[in-house]
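When a ligand or atom number is given, it counts from 1 through the structure's own listing order. Note: hydrogens, waters and symmetry copies are ignored here, and every other heavy atom, side chains too, is used.
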Amino acid sequence: MRKNIVAGNWKMNKNLQEGLDLVKELQSAVFGKTLKCDVVVCTPFVHLASVSGLIDKNKVKLGAQNCADKVSGAYTGEVSAEMLASTGAQYVILGHSERRAYYGETSVTLSEKVKLALANKLTPIFCIGEVLAEREAGKQNTVVKTQIEEALFDLSADDFGKIVLAYEPVWAIGTGKTATSAQAQEIHAHIRQTVAAKYGQTVADNTSILYGGSCNAGNAKELFANPDVDGGLIGGAALKLDTFMPIVEAF
Ligand code: PEP
């Protein structure tokens, strides 16, 4: 069956020392606890190897926030999926709305990134979600379906089964506005149904679908109580132990 996951997305926050301090705190906080979810920290690239050396990966798992859409070679400034895997990273966030909006990521490049991540045994946390105007026009279901179809539906069922999805309404990211629990459940169920229609109910039932967008200690319990919400992708609240741990413990 599918896993519950709480993944922190640090974005472009924390220098190396600050990042290591937070990871040490997190590691101590989860030590000896029986958690009902996997805990993942998605750090900036330059922190990955150091964080990897510090964590017990049975307790805290490691992810990156992006990877290149090319295998290797003359692509100055890029970081390949193979390089990420070589640091000990296990996950990679792909298709975050900030990357789509600020760095022009499209379904075409994302499809390449997903395949390279999978080829290197990284689990993609693939982000989908509508902007406010699309939600106001009632187009959210079509938008997320298209995002999944375009970037992921050329995968085999076996490969699709290795992916984690994160529904992140763009209007809720970093804004303090959260989708209501009912809105989250409704669209997560739609996403699962979209997967089932293509790959069958078993693959759909085994796919973890995380919610992201101003998730915090106050709303995580209610969001995670929904049958189709399997955890969270957490931005701002992942930057401090005392705002992240209550979310981890919300299951
Ligand atoms: C995110 O960027 O993935 C996110 C969910 O951010 P926040 O929790 O800050 O809204």
Side-chain angles (χ1 to χ4, degrees), residues 4-14 18-19 22 26 37-45 47-48 61-67 89-105 110 113-114 117 122-132 134-135 140 143-144 147-148 151 163-181 183-185 187-188 191 208-224 226 228-251:
N4 294 327
I5 300 168
V6 173
N9 173 14
W10 291 3
K11 310 193 186 192
M12 197 173 72
N13 292 296
K14 300 207 175 283
E18 292 163 346
L22 176 58
L26 179 61
C37 64
D38 280 3
V39 180
V40 185
V41 287
C42 298
T43 77
F45 289 140
H47 302 5
L48 287 169
K61 299 189 191 305
L62 180 62
Q65 302 169 21
N66 182 30
C67 72
Q90 298 143 292
Y91 286 84
V92 58
I93 298 171
L94 293 174
H96 192 281
S97 60
E98 289 154 11
R99 298 224 44 99
R100 292 178 192 257
Y102 308 145
Y103 301 98
E105 294 203 348
L110 289 171
K113 291 181 182 206
V114 166
L122 296 166
T123 300
I125 301 177
F126 189 81
C127 303
I128 51 178
E130 80 285 357
V131 299
L132 185 60
E134 291 164 337
R135 166 67 62 166
Q140 65 274 12
V143 169
V144 296
Q147 288 171 333
I148 296 171
I163 287 185
V164 170
L165 295 174
Y167 168 65
E168 299 209 300
V170 180
W171 48 270
I173 295 180
T175 59
K177 286 184 198 159
T178 317
T180 64
S181 175
Q183 283 173 324
Q185 170 53 28
I187 196 155
H188 279 231
I191 292 165
S208 299
I209 308 175
L210 315 185
Y211 169 81
S214 299
C215 187
N216 59 41
N219 56 32
K221 227 181 204 20
E222 194 186 348
L223 285 162
F224 297 172
N226 286 301
D228 288 297
V229 178
D230 307 310
L233 181 55
I234 316 299
L239 296 176
K240 285 193 190 146
L241 186 71
D242 56 355
T243 49
F244 191 54
M245 263 320 273
I247 304 176
V248 168
E249 293 182 300
F251 276 107

Short side-chain to backbone donor-acceptor contact, Ser214 and Thr178, under 3.5 Å | no
Looking only at N/O atoms, are Thr175 and ligand 1 under 3.5 Å apart anywhere?
-> no
Within a distance under 4.0 Å of any heavy atom of Gly174, pick out the atoms of ligand 1 and give their elements.
-> 7 (P), 9 (O), 10 (O)
Heavy-atom contacts with Leu233 under 4.0 Å: which atoms of ligand 1 show up? List them by number with element.
-> 3 (O), 5 (C)
The closest protein heavy-atom partner of atom 2 (O) of ligand 1 is Lys11 NZ, 2.5 Å
Given Asn4 and Asp38, is the side chain to side chain contact (heavy atoms under 4.5 Å, CB included) satisfied, shown in steps?
-> CA-CA 6 Å; Asn4 294 327; Asp38 280 3; over 6 Å; no
Donor-acceptor under 3.5 Å (Gln65 side chain, Cys42 main chain) | yes
When you look at CD of Glu222, are more than 12 heavy atoms from neighbouring residues, nucleotides or ligands closer to it than 6.0 Å?
-> no
Are the side chain of Arg100 and the backbone of Gly95 linked by a donor-acceptor contact shorter than 3.5 Å?
-> yes
What's the shortest distance from atom 8 (O) of ligand 1 to any protein heavy atom, and which residue and atom give it?
-> Gly235 N, 2.9 Å
Counting only heavy atoms, which portion of Ala172 has something under 4.0 Å from ligand 1: side chain, backbone, both, or neither?
-> backbone
Would a distance-only check, ignoring hydrogens and angles, find a side-chain to backbone donor-acceptor pair under 3.5 Å from Tyr211 to Gly213?
-> yes
With sequence neighbours excluded, tell me which residues meet ring-ring contact (aromatic ring centres under 6.0 Å, His included) with His188.
-> Tyr167
Can you list the ligand 1 atoms lying under 4.0 Å from a non-hydrogen atom of Glu168?
-> 1 (C), 3 (O), 4 (C), 5 (C)
Please could you name the atoms of ligand 1 that Gly213 approaches to less than 4.0 Å, counting only its heavy atoms?
-> 5 (C), 10 (O)
Looking at ligand 1, does Ala237 have a heavy atom less than 4.0 Å from it?
-> no
Number the atoms of ligand 1 from 1 as they appear, then name those within less than 4.0 Å of a heavy atom of Gly212, with their elements.
-> 5 (C)
Any donor-acceptor pair under 3.5 Å linking the side chain of Gln147 with the backbone of Gly129?
-> yes
Atom 9 (O) of ligand 1: the protein heavy-atom neighbour that sits closest, reported with distance to 0.1 Å = Gly236 N, 2.8 Å
What residues, two or more places apart in sequence or in another chain, satisfy side-chain hydrogen bond (donor to acceptor under 3.5 Å, both in side chains) together with Glu98?
-> Lys11
Of the backbone atoms (N, CA, C, O) and the side-chain heavy atoms from C-beta on, which set of Asn9 has a member under 4.0 Å from an atom of ligand 1: side chain, backbone, both, or neither?
-> side chain
So which heavy atom in the protein is nearest atom 1 (C) of ligand 1, and how far is it from that ligand atom?
-> His96 NE2, 3.2 Å
